[in-house]
Number of protein chains: 2
Amino acid sequence: MKRIESPQNQHFKHWKKLHNRKWREKTGEYLLEGPHLIQEAMKKPDIVISLIYDEGFRQRENWMKNNADEFIVDTKLFKELAQTETPQGILAVCRVMDEQLIVKQGRFLLIDSVQDPGNLGTIIRTADACGMDGVYLGAGCVDLYNQKVLRSAQGSHFHLPIIKSDLTEVVNDLKQAGATVYGSSLQGTTLQNVAHSCENFALIIGNEGNGVDEELLSLTDVNVKIPIYGLAESMNVAVASGILMYSLRTAPLA
Amino acid sequence: MKRIESPQNQHFKHWKKLHNRKWREKTGEYLLEGPHLIQEAMKKPDIVISLIYDEGFRQRENWMKNNADEFIVDTKLFKELAQTETPQGILAVCRVMDEQLIVKQGRFLLIDSVQDPGNLGTIIRTADACGMDGVYLGAGCVDLYNQKVLRSAQGSHFHLPIIKSDLTEVVNDLKQAGATVYGSSLQGTTLQNVAHSCENFALIIGNEGNGVDEELLSLTDVNVKIPIYGLAESMNVAVASGILMYSLRTAPLA
């Protein structure tokens with residue numbers, strides 16, 4: 001176990017740069033905060049590279065370590081690494097997994113340009129709850145390994161495959177594999193009027209302000225909308241995604 | 001139109017104190033930020049008391065004013081009043097409406113101890129979208145007039161009645177009026193197995209960590225849960241509320 005007291009330490013400098021999306025993408029590593037998320041990451045092999053303890057972290061002895069390197073850092077330095085307001089004394093340096101999904105039968109969520117980290121994390125958490133078989137993340141989404149995305153997903157990053165992809169290709173592949181592809185669109189058919197296919201489908205959801213890209217919407221089998229009964233102009237994208245995923249999953253087969 | 005240049009101005013001092021929940025409750029006033037929200041508030045009479053413009057706000061001449069007092073303040077002072085990162089140059093001082101609902105037939109949402117402002121605002125926005133007839137807010141919820149609640153509700157504060165209430169009394173009143181009362185509970189019956197009553201019901205949703213108060217749950221007609229098909233331990237409360245409200249509204253009548 002190494003002790004780090006200087007901000008000039010090479011490890012420390014690397015970790016701090018992981019706050020930056022570009023450095024995360026360059027190194028394929030990211031920081032994960034707090035016991036709950038780290039425990040979820042530990043359930044999968046090869047994700048956690050290093051554990052970083054605040055010098056005051058008490059549960060260190062009993063902490064599951066697998067093969068992770070361990071470091072103790074001064075509280076002052078720990079606070080520079082943590083991005084939560086009340087850090088819980090433990091951080092992990094994690095490896096981005098290069099996940100692949102050979103398209104097959106199943107339920108998939110395609111996320112196009114969701115920008116708000118809280119929304120993206122919440123959508124991934126909901127996709128996990130709804131038992132989706134995988135999530136495809138298009139270009140233009142906020143970084144999957146942004147701290148707020150990790151926090152609002154509550155560990156679901158480690159529960160289902162999440163693959164950065166060209167969504168146009170994914171839609172074409174899924175259609176070839178026989179899936180029904182639904183787009184979410186305010187110009188779509190009202191959800192309850194759509195014939196449901198519950199076991200083999202993909203749903204595309206889109207940007208907070210602009211919705212799903214028009215070109216993608218033109219490739220789908222059918223576009224659906226959630227009816228608005230009140231005076232709201234629209235719904236939050238994470239809530240809408242939840243309603244759509246659960247409706248498509250649980251409605252009777254067409 | 002008054003111009004305010006000094007932080008010692010009495011109006012300015014009052015407005016700044018409106019950042020504080022206690023002062024909002026004492027005065028029955030709150031601040032609203034940005035053109036979109038203020039336009040929504042203006043659609044109802046008697047809500048907007050004063051309009052506060054940043055000295056650089058360009059649309060002032062064309063701005064709908066109703067009978068609101070108008071003030072221009074120095075940019076430096078305006079920034080002290082605004083709580084968004086990129087203020088849009090206009091604020092309104094609004095009056096808390098004393099809304100009352102005589103319980104009758106309809107669809108109602110009861111919110112018990114939701115703590116996160118983004119969640120509360122999103123839930124109110126979704127209740128509006130789903131055409132709920134009213135929202136009852138129990139003690140223990142974050143303040144309805146917190147800036148983040150106002151922002152995430154996107155104007156829905158002004159679209160449906162939201163009433164601070166003793167939820168136990170509300171449940172009893174609704175049951176007497178013939179409504180079916182649903183509680184949200186991880187120990188409840190799976191949503192799809194519940195006989196739906198779509199036109200006259202109330203749904204109770206609860207705290208992010210602890211769910212709905214046990215005593216309230218014991219008063220309901222039936223408690224329901226959203227099935228978890230994946231590895232997530234739970235769902236975000238705003239997403240869950242959306243799924244429950246829309247399912248109860250749109251499912252066939254029992």
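Residue numbers begin at 1 in each chain, while the letters A, B, ... track the order of the sequences.
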Of all of [options], which one pairs up most often with chain A through heavy atoms under 4.5 Å apart?
options	answer
B:G118, B:G242, B:A127, B:A129	B:A129
B:A232, B:G155, B:A153	B:A232
B:I228, B:I243, B:L244, B:L160	B:I243
B:M245, B:M132, B:R249	B:R249

Side-chain donor or acceptor of B:D128 paired with backbone N/O of A:G230 under 3.5 Å
no
I'd like to know if the side chain of A:Y246 and the backbone of B:P227 have a donor-acceptor N/O pair within less than 3.5 Å.
yes
Using a cut-off of under 4.5 Å on heavy-atom pairs, state which of A:L231, A:V239, A:L191 scores highest against chain B.
A:L231
Quick check: do B:C130 and A:M235 have side-chain heavy atoms less than 4.5 Å from each other?
no
Taking the side chain as every heavy atom from C-beta outward, state whether B:E233 and A:E40 have any pair of such atoms under 4.5 Å apart.
yes
Proximal component of B:S234, with respect to chain A [non-hydrogen, under 4.5 Å]
both
Nearest atoms (heavy-atom pairs only) where B:Q192 meets A:T250
NE2-CG2, 2.8 Å
Crowding at [atom1], [X] (>12 non-hydrogen neighbours, <6.0 Å):
X	atom1	result
A:E214	CD	no
A:N67	CG	no
A:K44	NZ	yes

Taken to the nearest 0.5 Å, the spacing of B:T126 OG1 from A:I226 CD1 works out to 9.0 Å
